[in-house]
Number of protein chains: 2
Amino acid sequence: MRYLITFSYDGSKYNGYQKQPKGKTIQNEIETVLTHINGNQKVSIHASGRTDAGVHANHQKAHFDLQKEWDSDKLKSSLNSLLPPDIYIQKVELVSDEFHARFDVISKEYVYKINMGEYNPIEKDYIYQYNQPLKLVEMERALKYIEGTHNFKSFTKADAEQENYVRTIYKATLIRDRKNLQQIQIVFRGDGFMRYMVRNLVGVLIEIGSGKRKSKDILTILKAEDRTKSGKTAPACGLYLNDVFY
Amino acid sequence: MRYLITFSYDGSKYNGYQKQPKGKTIQNEIETVLTHINGNQKVSIHASGRTDAGVHANHQKAHFDLQKEWDSDKLKSSLNSLLPPDIYIQKVELVSDEFHARFDVISKEYVYKINMGEYNPIEKDYIYQYNQPLKLVEMERALKYIEGTHNFKSFTKADAEQENYVRTIYKATLIRDRKNLQQIQIVFRGDGFMRYMVRNLVGVLIEIGSGKRKSKDILTILKAEDRTKSGKTAPACGLYLNDVFY
């Protein structure tokens with residue numbers, strides 16, 4: 001039986017999503033609990049993709065196989081009763097044996113949160129604290145240049161060697177918080193994201209918002225296909241994997 | 001020179017505001033840093049009042065004396081550069097030597113946050129997770145009975161012996177979150193609050209919202225002047241000292 005889970009997590013105390021030789025990871029916590037409820041027979045989970053250390057998820061997805069057929073609600077409660085409070089299973093669905101949580105992804109959505117206002121200790125691990133005002137209209141112009149199909153080599157991890165750097169960004173928008181005008185969210189939806197890609201895009205967007213670059217620089221950077229032409233990687237704490245679509 | 005500081009903190013990793021023989025406290029952290037910048041001459045701070053373990057502050061206030069005259073902004077930066085990231089000094093003001101951060105309080109405001117919707121691991125230490133819907137109109141009726149001058153003995157800590165249990169609540173209101181209809185905040189503003197008073201009021205309000213009691217029960221409980229007649233103490237994580245007025 002193959003199951004698809006939708007889950008959220010606070011990434012601040014984890015060494016990323018993916019299993020590691022050392023450090024706590026989200027995958028490890030879930031696999032440990034699943035293996036336990038599977039009578040100690042090893043269960044492996046396959047997520048839509050990894051998230052780096054300190055990055056959060058509002059709706060991450062993963063699949064795994066269990067011999068026994070479980071009632072979805074019962075499986076959800078069992079998992080949540082055993083998982084630590086910073087990981088929460090929102091939904092369990094029975095899916096076909098051909099479904100794959102990574103290979104079948106059609107699109108993914110990320111959100112990046114920035115606070116331009118006064119520092120709030122309660123949000124320290126959950127938003128990027130930027131202490132100056134940003135020119136939001138200029139950032140919105142830059143986001144228009146990011147939308148579409150481009151080679152994003154300039155925005156991925158410098159040493160990430162891969163066959164294909166072309167991705168399509170369906171949506172890149174900036175949302176102003178109506179309650180707190182000093183907080184913004186940048187939303188990206190696309191067919192795929194390479195390592196550090198969202199955080200590197202945000203790094204350049206912040207330079208644009210602070211006046212160090214112009215919105216049109218996005219075009220030059222994309223064309224260069226060279227990581228050294230973009231900017232700093234924005235901190236992990238502001239990033240959320242918001243949703244995965246199949 | 002007497003200084004008044006306004007500060008915020010994430011109470012989730014602290015054993016409360018007030019200095020204790022064991023465990024980290026907010027007061028201890030601030031006094032350690034102040035003593036350090038005062039050339040290791042002991043500095044004591046006097047807050048508007050304590051907050052219990054796990055309770056947060058949006059704007060707590062305290063005063064202390066320093067021999068040397070400091071520029072307010074410089075003192076603020078020095079303190080913030082030395083304090084842990086879960087405590088933040090928002091403002092430093094020079095005040096008269098007669099000013100007292102506790103004795104001069106005119107009113108205080110507390111906020112209690114409740115989530116009736118899906119559990120969110122990111123908010124686990126910052127909102128009370130209540131898994132059922134609450135009848136908000138019935139709770140609002142109850143809040144009307146709380147406003148005014150009453151003997152709140154039924155709502156304070158059972159063994160808290162004090163001379164006077166009478167307090168005036170100027171405002172007791174319920175705020176619906178416009179973005180997330182499953183989240184509410186209960187705001188209390190009054191001339192003083194005894195230990196556990198807000199959390200004990202919220203405990204009964206939740207019983208009223210869940211249909212276990214009627215809004216009018218507030219009147220009976222107040223009249224009883226007996227802690228056993230009210231309800232459970234609501235968890236610390238939902239409570240914020242929102243502001244202190246002089």
Output for pair (B:Asp125 CG, A:Ile122 CD1), nearest 0.5 Å, gives 10.0 Å

Under 4.5 Å to a heavy atom of chain B? For A:Gln90 that would be both

Taking a cut-off of under 4.5 angstrom between non-hydrogen atoms, the residues of residues 173-188 of chain A near chain B are A:Asp177, A:Lys179

Notebook entry, point to check: Side chains of B:Tyr119 and A:Pro85: does their closest heavy-atom pair fall under 4.5 Å?
Noted result: yes

Checklist entry - For A:Lys13, does the NZ atom sit with more than 12 other heavy atoms under 6.0 Å from it, leaving out its own atoms? => result yes

Legend entry - Flag side-chain contact, heavy atom, 4.5 Å: A:Glu123 against B:Tyr126: no

Do other residues, nucleotides or ligands put more than 12 heavy atoms under 6.0 Å from the NZ atom of A:Lys74? no

Ranking A:Ile87, A:Asn120, A:Asp86 by heavy-atom pairs under 4.5 Å to chain B gives rank one to A:Asp86

Other residues, nucleotides, ligands: >12 heavy atoms within 6.0 Å of A:Lys212 NZ
no

